[in-house]
Amino acid sequence: MEYALERFTAEVKAAIAATGRVAPALIETTTPKPNIPADLAFPAFRAAKELRVPPPQLAAELAAAISIPEGSLIGKVEAAGPFLNFSMHPQRLAAAVLAEIAARAEGYGRQPDGAGQTIVVDYSAPNIAKRMHVGHIRSTIIGQSLVNIFRALGYTVVGDNHLGDWGKQFGVVLASIAMYGRPDAVGEEAMALLEAQYARYSGEMKERPDLDEEARRWSLLLEQGDPQARALWQWCVDLTLQAAEKNYNRLGVRFDHAYGESFYEGMLPDMIAETLRTEAAYRDEDGSVVAELDKLPKFIIQRKDGGTVYMTRDIATVEFRLSEFHPSQIIYVVDGRQELHFRQLFAIMRAMGYARDVELVHIPFGVVTTLDGQPLSTKKGNMVYLESLLDEATARALAVIDLKNPDLAEAEKAAVAESVGVGAVVYNDLYQDTKRNITLDWERMLATEGNSATYLQYSHARCRSILRRAVEEGAATAGDATLLTHPAETGLIKHLARLPEALREAGSRYAPFVIADWCYTTAREFGVFFEQCPVLKAESAELRAARLDLVAATAHALKAGLGLLGIRAPERM
RNA sequence: GGGGCUGUAGCUCAGUUGGAUAGAGCAGCGACCUUCUAAGUCGUUGGCCGUGCGUUCGAGUCGCACCAGCCCCGCCA
């Protein structure tokens, strides 16, 4: 099914074409700025040049020549200087949009664009034996939103948590446990102790080459399947995943797989041989395997001691994903600082002859810094861990709820606080272009006004509140949408009509903020409507029914948008 | 030295096939709660769009050069 806005655009193009004055190739439309009282514009510049007439003249001629088909979503056509402006027919649009949303409810906006295609999303990827902190939550949150967005676009999405459970850094973890012992604790507390040991060990490692050698030895032992190393490794993995699972549940994050780097261990020797066979890489004099491609800096695929690196495992990972899932895209939601790594990875995959039918995409995101621009680090002691971040956000939300809505039952207060607090943290990572660096600004993050998750949730809750009262009063719904002609109603409806378009743009740009933006504007449009158009006390029962439909549609659409971001929409707050 | 990202209002940001008067929020000032949740709404103040040159009928948007900040550049991930 085609959504109303697409139909409107198609009708506009057809109407212009029907005049016979403009070649179809020159019929391009743009969305006018908000201050222009129109919904779609045809700039006549190019076509006018072709026809050798002044643009305003062509626009005027077209305005006179155009005929609007019966029942069209086009309401009005007029020339405005060199532009030909089209406005939607408010009543027919209202009927079409409300029907679409009523039919799909929270599934509004979904499209079958990606049907039959698979996308692998590589995200989160926490390090084993490390607590998750503000640094890694970006990948988790952005990645999950992209998963949601692509699913809504009809793709088969495979979410894979590429755990950092291998490599030399893991050798350090094992070596430090061997030296200081296994911490006597559980959950995040145990991990905090592991981190402290790790930090202590790597600190001393700088001055003691024997410790560095020991870490390397553990990493090799692990790769060689030494039972003691494997057992210790498994303990760390279980501990970390258990703790992570709690955070994932709170964030609404779910993976299809969590293979992790270790999963690819057995494939590495063949993979290295393959890079050599295809001459994508060569063996250096010192025994290491290196590649130098596309004028990119040289990079290592196998260490001179025979050990593997991140790159080796990433190559195997691509190969595995291709043969296992046959995706049209593999997207990596990873820190922008690894941009070069991915360019190198993608280059070597191409050089090996893989990745011909797949688009490999790195979605870089910026770093999180403190208010004064300092990086967050364990060493500096200014690190903020995910669990405490969510707890703090929830606690602050609860304080506001106690103030604003003290009559709510305690259990509901707690649930709402969780939704609002976690929503604020999620939104902080999604409301702007992901490649920007963000600052950890508690005031900004937990803001309850303006462009904030809370404001969006609040708008939804207001809708739901009206709908609840309507049910209590036994008010009729399923009204006549053509009664919705107030500017505030039309403004809101026009914006609701844009969700499918926003979803498509969010997918093509890998940009959840496009959805966030849409939600925010929806909330604002609803806010205006809320002030100007009484629903339960509308002038007539007929108008009340129609407005109730609009409120229901707004609630569904907002919930759909928030859902794409991974943010819950409470019934009341 | 090479490369990537960023530069738009005091602050945080939108502005993407180049189009009309560059938009929001926050902060500031002012107004609106006996009516559906004031976590709201409305008004108002605030811009050499980093700088320069170029392409174009038209540039915040495209090209080149420069400036500033952050980041990356073989045996970590």
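Worth saying up front: this structure is predicted, and the values here are computed from it rather than measured.
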Using a 4.0 Å heavy-atom cut-off across all strands, classify [X] as base, sugar-phosphate, or nothing.
X: A/D286; value: base
X: A/R313; value: sugar-phosphate
X: A/A291; value: nothing
X: A/R216; value: sugar-phosphate
X: A/I36; value: base
X: A/Y520; value: sugar-phosphate
X: A/R524; value: sugar-phosphate
X: A/G164; value: nothing
X: A/M311; value: nothing
X: A/V535; value: base
X: A/P364; value: nothing
X: A/T312; value: nothing
X: A/V309; value: sugar-phosphate
X: A/E505; value: nothing

Quiz item: A/D314 side-chain donor-acceptor pair to B/A77 base, under 3.5 Å: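 Between B/A77 and A/D314, which were checked side chain against base, a qualifying N/O pair under 3.5 Å is absent.
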
Under-3.5 Å donor-acceptor pair between A/N437 side chain and B/C71 base: no

B/C33 glycosidic torsion: syn (within 90° of 0) vs anti: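 That one's syn.
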
Anti versus syn assignment for B/G69, with syn defined as within 90° of 0: anti

Pairwise 5' ranking along RNA chain B for A/D305 and A/P534, keeping only the more 5' one: A/P534

5'-most by nearest nucleotide on RNA chain B - A/W166 or A/E531: A/E531

Within 6.0 angstrom of A/R217 CZ, more than 12 heavy atoms from elsewhere: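 Above 12, so yes.
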
Distance between P atoms of B/U12 and B/G7 (Å, rounded): 12 Å

So what's [N] paired with, Watson-Crick or G-U wobble, going by both distances under 3.5 Å?
N: B/C32; value: B/G40
N: B/C70; value: B/G4
N: B/G60; value: none

Out of [options], whichever nucleotide has its closest atom nearest the side chain of [X]:
X: A/R436; options: B/G19, B/U6, B/G40; answer: B/U6
X: A/R303; options: B/C76, B/U37, B/A39; answer: B/C76
X: A/Q432; options: B/A20, B/A77, B/C13; answer: B/C13

Positions of residues 455-469 of chain A (non-hydrogen atom under 4.0 Å from RNA chain B), listed by number: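 By residue number: A/Y455, A/Y458, A/A461, A/R462, A/S465, A/I466, A/R469.
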
Those residues of residues 401-409 of chain A lying under 4.0 Å from RNA chain B by at least one heavy atom: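 Here the set is A/I401, A/K404.
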
With no hydrogens and no angle check, just 3.5 Å: does a side-chain donor-acceptor pair link [X] and [Y]?
X: A/T454; Y: A/T448; answer: no
X: A/T439; Y: A/D441; answer: no
X: A/N451; Y: A/Y427; answer: yes

Any side-chain heavy-atom pair of A/L430 and A/L565 under 4.5 Å: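 They are in side-chain contact.
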
Close side-chain approach of A/Q344 and A/Q338, heavy atoms under 4.5 Å: no

A/R444 to A/Y431 six-membered ring, cation-pi geometry met (6.0 Å, 45°):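 The answer is yes; both the distance and angle limits are met.
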
NZ or CZ of A/R462 within 45° of A/F530 ring axis and under 6.0 Å: yes

Presence of salt bridge, A/R343 and A/E339, under 4.0 angstrom: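 Between A/R343 and A/E339 there is a salt bridge, with a charged N closer than 4.0 Å to a carboxylate O.
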
Base of B/A14 and ring of A/F513 stacked, centres under 5.5 Å, planes under 30°: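 According to the criterion (under 5.5 Å, under 30°), no, A/F513 does not stack.
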
Straight-line distance of A/F342 CZ to A/M311 CE, nearest 0.5 Å: 8.5 Å

Rounded distance (nearest 0.5 Å) linking atom OG of A/S139 with atom CG of A/D335: 9.0 Å

Ring centers of A/F513, A/Y520 separated by less than 6.0 Å: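 That pair fails the under 6.0 Å test.
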
